[in-house]
Q: 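Shown below is the structure under consideration.
When reading the values below, keep in mind they use all heavy atoms of this one structure, side chains included, and skip hydrogens, waters and symmetry mates. Quick caveat: nothing in here was measured; it's all calculated off a predicted structure. Heads up: numbering here begins at 1 and tracks the sequence.
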Amino acid sequence: MSTFDYLKPGFEKPPTDYYQRPLLLAIEEKLEAKELTGLKYCIGPRRYGEYVYDFGVEFAERFLGKPIFGLFWTNTFSHNDWIDPATMDTRMVEYFEYMNKTGILDNNIVVLFSDHGARWGFLRSQKEGYIEERLPMFFMRLPQWFQTQHPDIVESLIVNKNRLTSPYDIHVTLKHLALISLGKNGTIQLPSSCPTCQTLLQPVPQNRTCPMAGIEDHWCTCTPFESLDTDSIEMKNLTNLVIYKMNEYLQSGPYADRCVSTMSLHRIIEANLKLDLHTDTHKSRIQEYRINFIIDPNEAEFEATFLYDRKTRTVLVDVTEISRLNRYADDSKCIDDNIVKKYCICNDSVKEKKNNK
């Protein structure tokens, strides 16, 4: 269940010098699996994540002292429930202790990160859930000798801990580290999607904005919002315009015959207006809203960030960026498109409406 293989055929040829996926697929096929919160937690005699981390440790040991890059991704003990990662706490400490004892940490920069926080469930439903979803963990450990040789880099990373950064910056940082490891100086090619992004080995501007970091409005955590009345006619009208766009998106796509095309508003949970600190937002022609709402059928929960033109009474929303806040595996079994699965309620998955009396 990784970036390049989830609901996709994967690669025709191994994309790296050492590629573990064929081994993992064979292990899944041949060994007995035990699940935890719906995922294969144990395969054979070991936890699934251990096969991946063992492979990473062996890779680092095999090329100790040489320039290498490895990406080792796990999710079977962390994806479906925020409590599950605790089951690997002791084992993760053992891995880091082993890497420290064998010299791996002295020869490599190690990054421990996630792609996002909780996107549904208990944590996401809390008041701070909006922040939780958007601020994944990110830790970087530098060998002591590297810190001694590059005190400017250490200082930059300390400064950048509390400044606005994004995965685009991490991408540039990896390129920068590659140049350093090869003893080269040169211009780092910046991502085409974020030409204003930069390496984290240099200080990030204190006044950086989300657009400067390549972060779209829906994912930006730096903007103040004003809470609005969820029962007002205005908010219901705006939310219905968003739902209309969602229905239109499904009806015009290749899965129109499989998905319910008449989603309707069930209830608004939260409504917010983005504030502009320099102008009177309430008098602006173009306003930005963030609304959390539930639709029928199946009480699917969404959160949308969109622009509203008060003059034309139209909304501008990227449907593919709307967040789905409750689980949708059972709702969208009829399709295998990663994006559409978030919005599609399959015709044969419609549940009987609950009696809320």
Side-chain angles (χ1 to χ4, degrees), residues 1-11 14 18-59 70-96 98 112-126 129 132-133 136-137 258-259 297-302 323-346 348-352 354:
M1 196 168 67
S2 60
T3 300
F4 304 104
D5 303 295
Y6 182 58
L7 300 179
K8 299 181 179 70
F11 298 94
Y18 297 89
Y19 190 47
Q20 194 188 20
R21 181 165 172 77
L23 173 62
L24 296 179
L25 292 176
I27 289 173
E28 282 195 32
E29 182 182 346
K30 299 296 183 181
L31 300 180
E32 182 181 354
K34 292 185 178 180
E35 292 190 354
L36 177 68
T37 58
L39 293 174
K40 294 178 180 178
Y41 183 78
C42 289
I43 301 284
R46 314 200 65 196
R47 284 171 283 201
Y48 203 164
E50 293 183 83
Y51 292 102
V52 178
Y53 291 132
D54 286 352
F55 191 84
V57 169
E58 291 173 12
F59 174 72
L71 176 63
F72 307 96
W73 192 251
T74 58
N75 48 39
T76 50
F77 62 88
S78 61
H79 190 272
N80 281 5
D81 196 306
W82 65 278
I83 296 177
D84 291 349
T87 64
M88 278 286 284
D89 281 353
T90 301
R91 191 69 185 96
M92 293 303 294
V93 171
E94 292 173 352
Y95 275 117
F96 277 98
Y98 180 82
L112 182 66
F113 71 106
S114 64
D115 54 347
H116 53 74
R119 292 186 296 173
W120 62 73
F122 173 78
L123 286 184
R124 187 58 180 85
S125 65
Q126 303 306 299
E132 160 67 29
E133 180 181 9
M137 71 170 185
R258 304 185 202 178
C259 306
N298 292 16
E299 296 191 8
E301 184 177 350
F302 297 94
S323 293
R324 176 71 182 267
L325 301 187
N326 55 356
R327 295 191 181 186
Y328 50 88
D330 291 339
D331 290 342
S332 55
K333 288 181 178 179
C334 63
I335 61 172
D336 56 10
D337 184 285
N338 255 355
I339 303 298
V340 183
K341 283 180 80 72
K342 290 196 296 182
Y343 319 104
C344 175
I345 309 294
C346 295
D348 57 1
S349 298
V350 174
K351 301 171 186 174
E352 186 176 343
K354 295 179 182 178

Q: Would Tyr53 and Met88 count as a side-chain contact (heavy atoms from CB on, under 4.5 Å) here? Give the steps.
A: CA-CA 12 Å; Tyr53 291 132; Met88 278 286 284; 4.2 Å; yes
Q: Which heavy atom of Tyr41 sits nearest to which heavy atom of Arg47, and what is that distance?
A: OH-CD, 3.1 Å
Q: Within the structure provided, determine whether Gln126 and Glu132 are in side-chain contact (heavy-atom separation under 4.5 Å).
A: no
Q: Is any side-chain heavy atom of Tyr98 closer than 4.5 Å to a side-chain heavy atom of Glu94?
A: no
Q: In Å, rounded to the nearest 0.5 Å, how long is the span from CZ of Arg327 to OG of Ser332?
A: 13.0 Å
Q: Any side-chain heavy-atom pair from Arg119 and Arg124 closer than 4.5 angstrom?
A: no
Q: Test side-chain contact (heavy atoms from CB on, under 4.5 Å) on Ile83 and Phe122 and set out the steps.
A: CA-CA 10 Å; Ile83 296 177; Phe122 173 78; over 6 Å; no
Q: Students often mix this up, so state it plainly: with edges at 30° and 60°, are the rings of Phe11 and Tyr19 parallel, tilted or perpendicular?
A: perpendicular
Q: For Trp120 and Tyr328, take the angle between the two ring planes, folded into 0 to 90°, and tell me which bin it lands in: parallel under 30, tilted 30 to 60, perpendicular over 60.
A: perpendicular
Q: For the residue pair Gln20 / Tyr51, report whether a side-chain donor-acceptor contact shorter than 3.5 Å exists.
A: no
Q: Could you measure the distance from the NZ atom of Lys333 to the CZ atom of Arg258? Nearest 0.5 Å is fine.
A: 15.5 Å
Q: Going by heavy atoms in the side chains, are Asn298 and Asp330 under 4.5 Å from each other?
A: no
Q: Out of Asp84, Asn80, Asp81, Thr76, which one pairs with Thr37 under the side chain to side chain donor-acceptor pair (under 3.5 Å) rule?
A: Asp84
Q: Determine, for cysteines Cys344 and Cys334, whether their SG atoms are under 2.5 angstrom apart.
A: no
Q: Nearest 0.5 Å, please: how far is CZ in Phe72 from CG in Leu112?
A: 13.0 Å
Q: Please step through side-chain contact (heavy atoms from CB on, under 4.5 Å) for the pair Leu325 and Glu133, ending with a clear verdict.
A: CA-CA 10 Å; Leu325 301 187; Glu133 180 181 9; 4.1 Å; yes
Q: So with a 6.0 Å cut-off around NZ of Lys34, is the heavy-atom count from everything else above 12?
A: no
Q: Please report the shortest heavy-atom distance between Lys341 and Ile335, naming the atom on each side.
A: NZ-O, 3.1 Å
Q: Look up atom CD1 in Ile345 and atom NZ in Lys351, then write down how far apart they are to the nearest 0.5 Å.
A: 8.5 Å
Q: Considering non-hydrogen atoms only, spot the tightest contact between Asp337 and Val340 and give its length.
A: OD1-N, 2.9 Å
Q: What are the two closest heavy atoms between Ala33 and Ile43, and how far apart are they?
A: CB-CD1, 3.6 Å
Q: Can you tell which of Ser78, Pro136, Pro85 makes a side-chain contact (heavy atoms from CB on, under 4.5 Å) with Ser114?
A: Pro136
Q: Within this structure, what is the CG-CZ distance for the pair Leu23 and Phe55, rounded to the nearest 0.5 Å?
A: 7.5 Å
Q: Any side-chain heavy atom of Arg91 within less than 4.5 Å of one from Phe77?
A: no
Q: Report the C-alpha separation of Asp331 and Arg324 in whole Å, then their side-chain angles, then the decisive distance to 0.1 Å, and conclude whether the salt bridge (charged side-chain N to carboxylate O under 4.0 Å, His left out) test is met.
A: CA-CA 12 Å; Asp331 290 342; Arg324 176 71 182 267; 2.7 Å; yes
Q: Nearest 0.5 Å please: distance from the OG1 atom of Thr87 over to the CE atom of Met92.
A: 11.0 Å
